There are 2 protein chains.
Amino acid sequence: MQSSSAGSSRSLKEIKADAVAASIAESALALFDKKGFDSVTVDEIASASGISRRSFFRYFGTKEDVVVSGHAAFGEMIIEMVKGRPQEEDVWVSLRRGYDVLVDNVDRDPEGAARTMRVINSTASLRAHTLEKHGAWAVGLAPEIARRLGDLDARRLEADALVHASFACLDVALAHFARNPKARLHELLDAAFKALR
Amino acid sequence: MQSSSAGSSRSLKEIKADAVAASIAESALALFDKKGFDSVTVDEIASASGISRRSFFRYFGTKEDVVVSGHAAFGEMIIEMVKGRPQEEDVWVSLRRGYDVLVDNVDRDPEGAARTMRVINSTASLRAHTLEKHGAWAVGLAPEIARRLGDLDARRLEADALVHASFACLDVALAHFARNPKARLHELLDAAFKALR
DNA sequence: TCCTAAATGGCACTCAGTGCCAATTCGCGG
DNA sequence: CCGCGAATTGGCACTGAGTGCCATTTAGGA
């Protein structure tokens, strides 16, 4: 999927490599969705993608990465979005706005997003991995929130609680969305955020 | 560790098995704390415990279970505690009181709890596993909270958000406790809960 | 003491993940 | 169009977690 950070020159090699990775991910996701993540072996994915097992692990460090690595860039994007919000804005609102980058992405391809969520939510290790990734994003986000709260050490815990709770809202909203893809994610998120205020 | 559910007769066998498991866990935790979870093999744990590799997997289904399975019972205990709170009590307060069973357990052996938290917090897969377990507990807890909120379907998301956010507070408080074991966990938890109200 | 059932250990297997090296492919200058 | 060098790929062998199967040992009760 997309992963541009320096928006200028992508060598032909990189473009091709990304295309191959996307193609592998597509085959793999389809298999996962049909048979379940755990009962698909890397060998299966490799032969379904027309590559060797060894090459699979060059494109994706782990089997889980096929499902998860596409979202890696969102952490930074959410943090940047929150940093760009007005300083005097209520931090809870700023956090909510940060997740708009995710909402927009889901809205761009609801069926694909729903399939990915289906795979993640039906596999304990993937749920765990996703939660832990959100925790890592939260660590990156907390200093910004702490700064707005006054940056006293006493506010550190408060900032952590707010940030992690906001990710809890995101996870809840995404879980509801996965069970009912015709719901609008942004409305679910708004409702979850409202519940804590 | 303790795992009594039917509070009556524990056969001698079971008592002995629990003791063996506790002894294995002690050796393993010491190794994990010294060398890091990932660089300790099951073979090492087995020989350090004077058992075979195969027997290790009879006591613990996975290497992670050595660290994590001791807390399995707390999920049910937290749910029972919350169910036992007065019906008219504010749900946020009821949730906070539920975690007292964890706080009490930590207070009973602060050094041991800190060591376990150290091991968990320094290993991504264990952090992930713990988060996912809390998520599973949240699923068990949500119906009770939804019931108190009026049980309308519209309240389902709200209940989920509250429950998951309360676990986020718990995780934040535990993380702070792991970094600073001289802090009082119940105060950290109170502060985290207060931050969301 | 003996007999049975559970606990244990050993072995071989699957699968994820990794290091190493040989073969292949591909871009590029001549 | 040819060939050179670098990057990509694939094969192979290895480690480590986890599991099924079976033989052996242990331990408890008649």
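Since we're looking at a predicted model, the values are computed, not measured.
To the nearest angstrom, P of C/dT18 lies 15 Å from CZ of A/Phe60. Atom-to-atom, CD1 of A/Ile45 to C1' of C/dA16 comes out at 11 Å; the value is rounded to the nearest Å. Here the C1' atom of nucleotide D/dA17 and the CG atom of A/Asp38 are 14 Å apart, to the nearest Å. The distance from atom CZ of A/Phe37 to atom P of C/dC15 is 14 Å, rounded to the nearest whole Å. One atom, CD of B/Glu64, and another, P of D/dA17, lie 11 Å apart when rounded to the nearest Å. The interatomic distance linking A/Ile51 (CD1) with D/dG10 (P) rounds to 7 Å, in whole Å. The nearest whole Å value for the distance from the CG atom in A/Asp65 to the P atom in C/dA16 is 14 Å.
Within the structure, side chain to side chain donor-acceptor pair (under 3.5 Å) contacts touching residues 113-122 of chain A (residues at least two apart or in different chains) are A/Glu26-A/Arg115, A/Asp33-A/Arg118. Applying the salt bridge (Lys or Arg N to Asp or Glu O under 4.0 Å) rule to pairs touching residues 177-188 of chain B yields B/Asp107-B/Arg184, sequence neighbours excluded. Legend: side chain to side chain donor-acceptor pair (under 3.5 Å) pairs involving residues 74-86 of chain B, not counting sequence neighbours, sorted by first then second residue: B/Arg85-B/Glu89.
For B/His134, the ring-ring contact (aromatic ring centres under 6.0 Å, His included) criterion is met by B/Trp137, B/Phe167, not counting sequence neighbours. Residues passing the ring-ring contact (aromatic ring centres under 6.0 Å, His included) test with A/Phe60 are A/Phe56, sequence neighbours excluded. With sequence neighbours left out, the ring-ring contact (aromatic ring centres under 6.0 Å, His included) criterion links B/Phe177 to no other residue. Here A/Ser23 pairs with nothing under the side-chain hydrogen bond (donor to acceptor under 3.5 Å, both in side chains) rule; sequence neighbours left out. Evaluation of the ring-ring contact (aromatic ring centres under 6.0 Å, His included) rule for A/Tyr59 yields no partner, not counting sequence neighbours. For A/Asp100, the salt bridge (Lys or Arg N to Asp or Glu O under 4.0 Å) criterion is met by A/Arg96, A/Arg97, not counting sequence neighbours.
Contact check, A/Ser55 against D/dT9: no side-chain N or O comes under 4.0 Å of OP1 or OP2. Contact annotation: A/Tyr59 side-chain N/O to D/dT9 OP1/OP2 distance is under 4.0 Å.
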Short heteroatom pairs, N/O only, protein and nucleotides 12-16 of chain D, under 3.5 Å:
none

Each nucleotide N or O in nucleotides 22-26 of chain C that has a protein N or O under 3.5 Å away: list the pair and distance.
none

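Listed nucleotides: C/dT8, C/dG17, D/dT19. Nearest to the side chain of B/Phe57: D/dT19.
When the nearest nucleotides of DNA chain D are assigned to A/Gly50 and B/Thr62 by heavy-atom distance, the more 5′-ward of the two goes with A/Gly50.
The local environment of NZ in B/Lys194 is sparse, with at most 12 non-hydrogen atoms from other residues, nucleotides or ligands closer than 6.0 Å.
At a non-hydrogen distance threshold of 4.0 Å, nothing from residues 118-135 of chain A comes into contact with DNA chain D.
Under a 4.0 Å N-O distance rule, the pair B/Glu44/B/Lys35 qualifies as a salt bridge.
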